[in-house]
Protein chains: 2
Amino acid sequence: MRHLMVYDMIEAVHRAGSIRKAAEDTNITASALNRRIQAFEQEFGSEIFERLPRGMRLNPAGELLLHHIRSQRQDLARIHSQVADLSGVRRGHVKIACSQALLPYFLPRQISIYRRDFPAVTFSVNVRDRIQAEQDLVNFESDIALVYEPAHMVDFEVLHVVAQPVLAVMSRAHPLAARRELRLRECLDYDLLLPGRQYGVRVLLDAAAHRIGRPLEPALETESFEMIRHCAAYGQAIGFQIPVGLNELARPDLAYVPLSGKDVAGGQLYLGHLRGRTLPVAALKFANQIAAALGDAA
Amino acid sequence: MRHLMVYDMIEAVHRAGSIRKAAEDTNITASALNRRIQAFEQEFGSEIFERLPRGMRLNPAGELLLHHIRSQRQDLARIHSQVADLSGVRRGHVKIACSQALLPYFLPRQISIYRRDFPAVTFSVNVRDRIQAEQDLVNFESDIALVYEPAHMVDFEVLHVVAQPVLAVMSRAHPLAARRELRLRECLDYDLLLPGRQYGVRVLLDAAAHRIGRPLEPALETESFEMIRHCAAYGQAIGFQIPVGLNELARPDLAYVPLSGKDVAGGQLYLGHLRGRTLPVAALKFANQIAAALGDAA
DNA sequence: GAGGATCGGTGCAAAAAATGCAGCGCAAGA
DNA sequence: TCTTGCGCTGCATTTTTTGCACCGATCCTC
């Protein structure tokens, strides 16, 4: 869209922090870029950047405008997607922010199912923790978010919720592997494999441990859920994950035992989008598919 | 906004129905206009007009785009208003769709009160019946609507509701003028002054009359509520209005007697805006003022 | 059924706008 | 103090847009 290029330039200057740097990214001269920004500000009626000795920064008016630009662009994308839809071709691009647990099995499977029907739809998946995910929606960097125990939920409009209790993950050879349910205190006798504090599973476990007065002291703290699974497989350590991130068939060497609801509050997996947004057709259809898949699993 | 001029042109062509007519309105040559439309369609990726022998008409894609254009423009106006707000000057323009009853006393008073505080805010008021009002919101021709008994309410997001019972309006010399309450059948003995069927008062009265099996036969049917009041003053005929459209002080020659709730369902006056819209600052503040004023009256 | 009116579209030259280049003044950091 | 990077501007050049004249097609009227 040539007539919206000013917007691209404004965003470029915002990202680069200075006109000259932005000019390089935009394949344009700094002077031309400068004059377009100035012309826009004059039309707009007020400055949108504050001029600092070291470059440009958006002022409050600019922040407001930036949000408009992003929202406007998203809406245009939605129009495009709807137009493509009514001409019979299902095209589009779906941007997803999700918790790490969805990466290994759930999302790949769902995306592959979706693309079997609509191969012209492309996807981008961003791993985000429970705070970042919502921010991603606000910045229009993701269309939908699939998050375990999201943090604020002020700009998050819920499409679907499903309970995901915390499971203890251990080797099949582990003494506790055959149990139907575990108390948290039983786990504390073994080495603990825990994700970082930015993850929902850890938040729930920390809260539960705090209630019984025995703070968690992990033998391994990592950001990788995959690493937790692997470590659990080779020893007596216990990891923790949620059902949606696991696949019984894939790893016959692991056992999964739910923690008692008396100890650990049952966490929930939220599917949602930015409050008030109208999703592009492709994103909406995919969200519906995910909701259905989660509903079946629950 | 020079860079959004294509949008103006698209709307102009849509309104005028042909490029050549639109060219006159836009102070531009038909050829230039034609080429801009073509260039836009190429960028956009699909045609937005169907070429008829007699001119141009928006195709479905164009309709979608048109709505985006309007919504986009409104959002930009909101940004402007917010920017003006944070620079201390309260400026803006508020577009209101309302029932006729609001015109003589209520809205003039409210607008004057508002403009006493914010003289830089301007207003436009469109009289719309219960169906047109909602359409006005959808087309972004009005920011807020104040309607008695609106029709569909699918795109109408309610901000405030207040009960407005139907009153019989008659001369103070009328035999029924001193009554505290009237039954509908009592009114039927006199000549009736009724508004057209597109008005909420008439809808309620017709429904009530149908229930008691005596269809209304108006002596005068008019679109002008003012005319109804004047006719009521000079004779024994009875008109019907709602409280918000009346002012006790202004006409000491008229009496207002509520109809019994047993006969006529108490109608309601709705204040609202387009579902999902974020109103400009000025419109929002004015809506809040109106809601407060209606709340006091109720 | 002929003729006029109106429609969208196009080739070409003129007008207008955007761009690139070189250079200015200024402030921060080395 | 000198250098570096910043935003900004005058001027020549390039690119884009516009206006004018005109084409073929369709519809309405007489």
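The sequence lines fix the lettering, A, B, ..., with proteins before strands; numbering per chain opens at 1.
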Legend entry - Electrostatic pair A/Glu41:A/Arg51 at N-O distance under 4.0 angstrom: yes

Inset, instruction - Select base, sugar-phosphate, or nothing to describe what A/Ile28 touches, counting heavy atoms under 4.0 Å on all strands. - result: sugar-phosphate

Inset, instruction - State whether a side-chain donor-acceptor pair under 3.5 Å links A/Glu223 with A/Gln198. - result: yes

Inset, instruction - Could you list by number each residue of residues 33-41 of chain B showing a heavy-atom separation from DNA chain D of less than 4.0 Å, or answer none if no residue does? - result: B/Arg35, B/Arg36

Inset, instruction - Using the heavy-atom set of chain B and a strict 4.0 Å cut-off, write down the first and last nucleotide of DNA chain C that makes it in, 5' to 3'. - result: C/dC7 to C/dC12

Legend entry - For B/Pro218, side chain to side chain contact (heavy atoms under 4.5 Å, CB included) partners two or more places apart: B/Leu194, B/Arg202, B/Glu221

Inset, instruction - Kindly state which residues belonging to residues 55-65 of chain B come within less than 4.0 angstrom of DNA chain C, counting heavy atoms of the residue only, listed by number. - result: B/Gly55, B/Met56

Legend entry - Residues B/Glu11, B/Arg73: salt bridge by 4.0 Å N-O rule: yes

Inset, instruction - Indicate yes or no: does B/Arg277 engage B/Asp143 in a salt bridge with an N to O separation below 4.0 Å. - result: yes

Inset, instruction - Output yes when A/Arg275 and A/Glu134 qualify as a salt bridge under the 4.0 Å nitrogen-oxygen rule, no when they do not. - result: no

Inset, instruction - Tell me which residues in residues 3-18 of chain B put a heavy atom below 4.0 Å from DNA chain D, sorted by number, or none. - result: none

Quick one: which protein N/O atoms are closer than 3.5 Å to N/O atoms of nucleotides 27-30 of chain D? Pair and distance per line, please.
none

Inset, instruction - Give one of base, sugar-phosphate or nothing for A/Arg51, where a contact means two heavy atoms less than 4.0 Å apart. - result: sugar-phosphate

